Amino acid sequence: AAKHGSKVPIPCPTGGAEELALGNTDVAAMLLDHALKLRPANPEALLNLGVMREQQGRPDDAMRSYSEAYALEPSAAQAPHNLCNLLLHHYNAVSGEAAQAEHLSVCRRAVANDPSRVDSHELLGVLYTNRMLYGEAVSTFRRAAALEPNLGGAGNNLIVALQRGGYIS
């Protein structure tokens, strides 16, 4: 199966990120709770709350936090990236055309918001491969490989997409 290099969600640099990075989830939770009480519509704190919830094995809660952060700041790169990552790894078997279209939309937004992020390209490419959209997967993995030629994951996933799409045998 196609895969990408990192399954680790990336916190935002404010609102408890330092404590999350150190593994101090109790302190991070307190800081995030305080930040959200001061400003409930705080995309950075919501993003970090999603990271913490994901680390705690609570993907449904993480998805709600990432979705709220994304809704508040759709042009930011990290929330759609983390949401795409979560959807790919915890909800890959989403059913229904509308749910799959939304998943693609979030992952495309992650790439559009920061076209230099190789990992966002890889997530999108894996999603295309999993959805049997091989032409799109090939193009996406080629962009990822062009951004970071020494990264093996994009090249390996490109080969998988080319094989599955019947471009090579």
Side-chain angles (χ1 to χ4, degrees), residues 1-94 102-130 140-141 143-157:
K3 58 185 177 183
H4 73 93
S6 173
K7 293 182 184 179
V8 178
I10 301 168
C12 191
T14 61
E18 297 82 13
E19 296 302 326
L20 279 173
L22 294 171
N24 299 328
T25 54
D26 290 340
V27 175
M30 182 183 66
L31 291 170
L32 293 169
D33 183 55
H34 180 69
L36 288 167
K37 281 181 182 171
L38 291 174
R39 193 174 114 213
N42 182 334
E44 295 87 10
L46 286 164
L47 175 69
N48 291 334
L49 184 61
V51 170
M52 185 179 74
R53 288 173 169 171
E54 193 170 349
Q55 289 174 349
Q56 293 171 328
R58 299 168 50 196
D60 292 338
D61 293 332
M63 183 160 52
R64 277 190 290 280
S65 295
Y66 292 150
S67 295
E68 288 178 46
Y70 177 51
L72 289 168
E73 200 170 25
S75 63
Q78 197 58 55
H81 173 83
N82 283 13
L83 184 56
C84 178
N85 189 43
L86 180 71
L87 287 166
L88 183 64
H89 291 99
H90 293 279
Y91 302 96
N92 192 36
V94 293
E102 177 62 20
H103 191 168
L104 276 171
S105 174
V106 168
C107 293
R108 287 178 181 138
R109 173 57 58 192
V111 168
N113 287 357
D114 187 353
S116 68
R117 281 195 67 163
V118 175
D119 54 348
S120 290
H121 285 279
E122 286 198 64
L123 286 170
L124 181 58
V126 169
L127 182 61
Y128 282 142
T129 301
N130 292 348
T140 303
F141 289 131
R143 282 191 297 277
L147 287 169
E148 198 168 323
N150 295 327
L151 185 68
N156 293 337
N157 287 331

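Just so it is clear, the structure is predicted and the values come from calculations on it, not from any experiment.
Across all their heavy atoms, Val126 and Phe141 have their closest contact at N-CZ, 3.4 Å. The minimum heavy-atom distance linking Ala69 with Leu46 is given by the pair CB-CB, 3.9 Å. What you find for Gly57 and Pro59 is that their closest heavy atoms are O-CD, 3.1 Å. Annotation for Pro80 and Val106: closest pair O-CG1, 3.5 Å, computed over non-hydrogen atoms. Nearest heavy atom pair, residue Leu147 against residue Pro115, reads CD1-O, 3.3 Å.
Scanning for side chain to side chain contact (heavy atoms under 4.5 Å, CB included) contacts around Ala154 gives Glu122, Ala144, Ala145, with sequence neighbours left out. Arg108 meets the side chain to side chain contact (heavy atoms under 4.5 Å, CB included) test with Leu104, Leu124, Tyr128; sequence neighbours excluded. Looking at residues two or more places apart in sequence or on another chain, you find a side chain to side chain donor-acceptor pair (under 3.5 Å) between Gln56 and Arg58. By the side chain to side chain contact (heavy atoms under 4.5 Å, CB included) test, Ala62 is found to be paired with Arg53, Glu54, Tyr66, Leu86, residues two or more places apart in sequence or in another chain being considered.
A distance of 9.0 Å separates OG of Ser120 from CG of Asn82, quoted to the nearest 0.5 Å. A distance of 6.0 Å separates CG in Leu87 from CE in Met63, rounded to the nearest 0.5 Å. A distance of 11.0 Å separates CG in Leu47 from CG in Leu72, rounded to the nearest 0.5 Å. Taking CG of Leu49 as the reference point, atom CZ of Arg64 lies at 10.5 Å (rounded to 0.5 Å).
At least one side-chain heavy atom of Asn130 sits under 4.5 Å from a side-chain heavy atom of Leu88.
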Throw together a table of side-chain donor-acceptor distances under 3.5 angstrom for residues 24-38, partners on residues two or more places apart or in other chains.
unit_1	atom_1	unit_2	atom_2	d
Asn24	ND2	Glu19	OE1	2.8
Asp33	OD2	Lys37	NZ	3.2

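At least one donor-acceptor pair under 3.5 Å links the side chain of Asn113 to the backbone N or O of Pro74. The backbone N or O of Val111 sits nowhere less than 3.5 Å from a side-chain atom of His121 that would complete a donor-acceptor pair.
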inquiry  = Using side chain to side chain contact (heavy atoms under 4.5 Å, CB included), reason through His89 and Leu123 one step at a time and then give a plain yes or no.
reply    = CA-CA 10 Å; His89 291 99; Leu123 286 170; 4.3 Å; yes
key: Audit row: Gln78, Glu44, side chain to side chain contact (heavy atoms under 4.5 Å, CB included) steps and yes/no   = CA-CA 9 Å; Gln78 197 58 55; Glu44 295 87 10; over 6 Å; no
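Pairs of residues two or more places apart, or lying in two chains, that qualify as disulfide bond (SG atoms under 2.5 Å apart) and include a residue from residues 23-84 are Cys84-Cys107.
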